[in-house]
Amino acid sequence: MIAPTGYADPRVNLFFRTGSMAGAPVGTMRRYAYSLAVWLTFLHVFGRTWDEATAGDIEAFKDWRITDVRNEERVRGTSFDTDRAALNCFYTWAKPRYDTDNPVLSLPSQSKRSRRPSGVLNEDGVPLARNGRDPIRPTATRRRQVKWLLRIGFEQWRNIGLRGYGFDGLRRAGWRGYNEDRDTAFVDGLYGTGLRVQEWASVLDVELPLSEEGRFPRAWLAAACIKGAKEGRYYRIPRRVMASVASYMDEWEGSRAEVIRRAQRAGRYDRLTGVWIVTGYSPRTRELHLEGRSGSPVPTALDVIGPDQRRLLFRRTPNGLERLRSGCLTMDCRRRSAGGRTPSAMPTSASPTCGWTWPPRR
């Protein structure tokens, strides 16, 4: 991460290379880096550094992020809850190393649900109750948002939103639907398998049980693609989802092959750097054979290849390179990335270009 002065604070950057963050998923690092960049820029506007921050600064930061009308890009309570967790993790890591106070230190607040004192006193010397709510945590935050969606409701949403149909069951005039089969196959898979977006988008074409029979073919989900998991697991794919995916991946009629050929003719894959060439796959051991520097194949377990690495997996074909990933592709056949956000909503006295940021991924 780079400060507005153009220099990097080695203490801040060390946070992502040591401790619990060293082995965190890339998505967690990216989200925590964004939260930390917004916080550091907020402090920079008021002439403060991160090791001088107090609990009052955290309260002001919370007010600006959620309720301040001068902030044109206010966020929901759930987004600030992630910021709070990121800052608490950072200051908990920094306290024993740099002897700094944690302004986000979570303390239980007075609660009516418990009369037992916690042993922690407030400013007036009154013991706080146990199991109280964190005062920094937004009141609008929900730990879980579980809502039921029946198949008939899901299919109506899919047909109207992704396939161009109206409530009368007829196609809308002028509907073109360039990637209708791609989008339909993707949301069908999310609903049918119950996987997370990242998990389903990370599945490779060699991992799909296209040749298996039965109503619910079994497939393996790699450990590196599961949030917080140390081991992979099996999951079931409904037959109707397999039919939708097979239609999208059809060599002659599916839009995936057409978009890949367009990218190959334009030479987009040839301009990529750091790609991994796959020469084979072993279903029994669930290993990919990657082309090594010497040209000989190197077996690599799928369980250790995460979502970001899977974006770089290609195979050679007579027409050029082709991705192994079966998830949604853009019109030029490049994977959509969830990263790349930079803090742009700063206090009114700051310019968006003066904040903390991090170099873009190349």
Side-chain angles (χ1 to χ4, degrees), residues 16 23-34 179 181-183 185-187 189-190 193 195-208 210 219-229 232 235 245 248-249 254-281 286-293 297-317 319-342 358-362:
F16 297 96
V26 177
T28 301
M29 286 190 178
R30 185 182 297 119
R31 182 61 179 89
Y32 276 30
Y34 175 77
N179 299 297
D181 58 346
R182 178 201 69 181
D183 298 338
F186 191 74
V187 298
L190 290 177
T193 63
L195 299 181
R196 297 174 179 269
V197 173
Q198 177 178 270
E199 294 170 349
W200 179 239
S202 302
V203 175
L204 305 178
D205 54 9
V206 296
E207 295 177 304
L208 293 172
L210 296 174
W220 180 261
L221 185 61
C225 299
I226 305 176
K227 182 178 180 179
Y235 68 100
V245 173
Y248 161 61
M249 298 178 61
S255 65
R256 182 177 187 268
E258 178 183 353
V259 176
I260 288 177
R261 287 193 292 268
R262 187 184 304 121
Q264 290 172 339
R265 289 194 297 267
R268 294 189 180 98
Y269 294 154
D270 298 331
R271 295 193 293 267
L272 296 177
T273 58
V275 300
W276 295 353
I277 304 300
V278 178
T279 60
Y281 171 64
R286 291 193 291 270
E287 291 181 339
L288 290 178
H289 297 163
L290 305 179
E291 186 178 275
R293 295 181 179 179
V298 178
T300 304
L302 282 172
D303 278 333
V304 302
I305 305 179
D308 282 358
Q309 290 77 31
R310 291 175 176 234
R311 297 173 59 244
L312 302 175
L313 295 176
F314 288 81
R315 65 166 64 91
R316 287 195 176 94
T317 67
N319 297 322
L321 295 179
E322 176 184 331
R323 286 192 186 274
L324 270 72
R325 203 164 180 177
S326 61
C328 286
L329 301 171
T330 58
M331 284 299 292
D332 59 355
C333 209
R334 293 177 296 181
R335 273 294 306 162
R336 291 170 175 161
S337 176
R341 294 188 301 176
T342 55
W358 58 92
R361 295 188 303 167
R362 299 187 183 276

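- Atom CG of L324 is separated from atom CZ of R311 by 14.5 Å, given to the nearest 0.5 angstrom.
- Rounding to the nearest 0.5 Å places CG of L221 at 8.5 Å from OG of S202.
- The minimum heavy-atom distance linking Y248 with A185 is given by the pair CB-CB, 4.1 Å.
- Closest non-hydrogen pair, L312 versus R323, comes out as N-NH1, 4.4 Å.
- Between Y235 and W200, the ring-plane angle classifies as perpendicular under the 30° and 60° cut-offs.
- Residue L195 holds its CG atom at 14.5 Å from NZ of K227, rounded to the nearest 0.5 Å.
- Considering only heavy atoms from C-beta on, Q309 stays 4.5 Å or farther from T300 through its side chain.
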Given side chain to side chain contact (heavy atoms under 4.5 Å, CB included), test L204 with V278 step by step and report yes or no. CA-CA 12 Å; L204 305 178; V278 178; over 6 Å; no
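- Put simply, the side chain of R196 never gets that close to the backbone of I226: no donor and acceptor are under 3.5 Å apart.
- In terms of the ring pair (Phe, Tyr, Trp, His ring centres under 6.0 Å) criterion, residue partners of F314 (sequence neighbours excluded) are, by chain and number, Y269.
- Shown here for A24 and M29, the closest heavy-atom pair between the two residues is O-CE, 3.9 Å.
- Nearest heavy atom pair, residue V203 against residue R310, reads CA-NH1, 4.3 Å.
- Expressed to the nearest 0.5 Å, how far CG of D181 lies from CZ of R256 amounts to 11.5 Å.
- Closest heavy-atom contact between C225 and Q198: O-NE2, 4.0 Å.
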Go through the steps for D205 and V245 under the test side chain to side chain contact (heavy atoms under 4.5 Å, CB included), then give the verdict. CA-CA 10 Å; D205 54 9; V245 173; over 6 Å; no
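- In terms of heavy-atom proximity, Q264 sits nearest to T317 at NE2-OG1, 3.7 Å.
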Yes or no on side chain to side chain contact (heavy atoms under 4.5 Å, CB included) for L208 and M249, after CA distance, side-chain angles and deciding distance? CA-CA 11 Å; L208 293 172; M249 298 178 61; 3.9 Å; yes
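- Without hydrogens or angle criteria, T279 side chain to H289 main chain gives a donor-acceptor distance under 3.5 Å.
- In this structure a side-chain-to-backbone donor-acceptor pair under 3.5 Å is missing from N319 to R261.
- In this structure, CD1 in I277 is found 5.0 Å from CG in L321, a value given to the nearest 0.5 Å.
- At distances below 3.5 Å, not a single donor-acceptor pair connects side-chain atoms of R286 with backbone N or O atoms of L302.
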